[in-house]
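Chain letters run A, B, ... following the sequence lines, proteins first and then strands; every chain starts at 1. Note that the coordinates shown come from a computational prediction; the quantities given were computed from them, not determined experimentally.
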Amino acid sequence: MKIYKVDGTLVSTNRIAMMEHKPLLVVREKEGGTPMVAVDPIGCKEGDWVLCCGSSAARDATGVKGYPSDLTIVGIIDKWGDAADGNSSS
Amino acid sequence: MKIYKVDGTLVSTNRIAMMEHKPLLVVREKEGGTPMVAVDPIGCKEGDWVLCCGSSAARDATGVKGYPSDLTIVGIIDKWGDAADGNSSS
Amino acid sequence: MKIYKVDGTLVSTNRIAMMEHKPLLVVREKEGGTPMVAVDPIGCKEGDWVLCCGSSAARDATGVKGYPSDLTIVGIIDKWGDAADGNSSS
Amino acid sequence: MKIYKVDGTLVSTNRIAMMEHKPLLVVREKEGGTPMVAVDPIGCKEGDWVLCCGSSAARDATGVKGYPSDLTIVGIIDKWGDAADGNSSS
Amino acid sequence: MKIYKVDGTLVSTNRIAMMEHKPLLVVREKEGGTPMVAVDPIGCKEGDWVLCCGSSAARDATGVKGYPSDLTIVGIIDKWGDAADGNSSS
C-alpha cells in the first residue's frame, strides 16, 4: 500500500454505470506530486493522510465486489513511524 | 485511477479478435508526456480530461467481461480540486 | 495499453512448458529504451509499431487462457494522432 | 518480489473492516526511499530486511483469502548475494 | 516480460508456508540496477540472462497454482536481437 494525502474531490458526472456514485478523491504522495484518484469508502476529508491499496485488491476493498477501481482508500492513518521526513500526520 | 487528457484516436485494423471494434484513444498525463492508449466505452472527444482505470479492473470496465484492456476510461472529469497546477479541466 | 516498436526476436529454448512455442519479440517504447519482451499472437515484423496489453489481461490476449504473459501484442498500429513526436508509424 | 527494510509500524484505527487487525509496517527499498506499507503475517521487527510480494499474489499471501493487500511480507531475509552494495542484511 | 541477469541466490528461512522451498534468485535489469527477487522453476545459474514474468501470471508460472509470486523466471535466454547495448547473452 502507499501513503497519500487527500487533496480534494473530483467530479465526474459522465461516468460508466459500474462506478455508481461512490466519492472519488484526488490524492498525492507529496506536495506537488502527481495527482491520483482514489475511491473513498470511508469518508475522508481534505488533508487526511490515507493508506491506499492498488492492484486487483482495490476492487473488493471498495465494498462492492468487482468494482472498477485500481486505487482505493483502505484506512486513515493515525500515525506512522517516520515523522522525520515531514510526511507523517500529527 | 489516473487523470489523462485525450490526445486523439489510434487506428489498428490488424488486432486480435477479442478487441472487437471498440474505440482506442491516445491519452497523456500531461503535454508531451508518454502516450498511453485507453479503451473508450463512453465516447470522449479530443481535449477531454478523463479518469482511467488500470490493472485487472480495466477489463470489466469496458463493459465486456474479460476484455483485453489494461487501461480503460471510466469517466469524463467535470472538475477537480487542483486548478492551480494547470491540469484541471474548465 | 502502451505503444512499442518491434526491435527483433528473442530465442529462449529452455522455457517453462506453459509458454509453448509462441513467438517472443523484443519491443521498446523508443529508440534505446528499455527492452521489453512481448508475446506475439498476430505475426509482427521488425519495425512495426504495436499496441501491447499488460496486467492480467495479457494472459488471455495470447489466445490461450491462462498463458503466462504479462505483456502481449494486441494490435499493429496503422496510425495514431501524434505524428509530431516522431513515434507514429507511417 | 522486492527487498525492503522495515522502518516502523503504522497505526490506522479507522480502516475498512476487511483489513481486520493485521499489523501494517512501513518499509523502504533504501534509506530515505519512498515509504511503502506492507501487511506483516510473519512478525518482523524494525531493521529486518524482508521480501515483499505485490500484485494479486499479495492478497492470499496474507493468509486470508481475498485480503485487500497489494504488498505483503512473505519472508525475512537471512542473506543475499550482493553484500557489496551495502543493502544486504548481516 | 522483462530481461534480467541472475545475480545470486537469496536465503529466507523464515518465510510463509505457501512459499514452500522453491529457490529464489536475485536478478537485475543491468549491472548495479535495483535487485529484484524471482522464483526459479527452471534451475538457472549466476550470470544467466533470463526472461521474467510479473503480474498475476507470475503465480501459475511457478508450476504451483496460486503460488505467492509477483516475479517468476519463465525462460533462459539463448539470444536476443539487440547485442549492441551490451546486455545480450552470448
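Only the side chain of A/Ile42 comes within less than 4.5 Å of a heavy atom of chain D; its backbone N, CA, C and O stay farther away. Of the atoms belonging to D/Met36, heavy atoms from both backbone and side chain fall under 4.5 Å from chain A. Interface residue D/Val39: backbone and side-chain heavy atoms are both found under 4.5 Å from chain A. Proximity to chain A (any heavy atom under 4.5 Å) is shown, for D/Leu25, by neither the backbone nor the side chain.
Inter-residue side-chain proximity for D/Glu20 and D/Val64 is flagged as met; some heavy-atom pair is nearer than 4.5 Å. Using a 4.5 Å cut-off on side-chain heavy atoms (C-beta onward), D/Leu71 and D/Tyr4 make contact. D/Cys52 has its side chain out of reach of D/Thr72: every pair of non-hydrogen atoms, C-beta onward, lies at least 4.5 Å apart. The side-chain heavy atoms of A/Ile3 and A/Trp49, taken from C-beta on, include a pair separated by under 4.5 Å.
By number of non-hydrogen pairs under 4.5 angstrom with chain A, the leading residue of D/Val27, D/Thr34, D/Leu24, D/Asp70 is D/Asp70.
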Starting from the C-alpha separation in whole Å, work towards a yes-or-no answer on salt bridge (charged side-chain N to carboxylate O under 4.0 Å, His left out) for D/Arg59 and A/Asp60. CA-CA 11 Å; D/Arg59 307 186 69 182; A/Asp60 298 351; 3.4 Å; yes
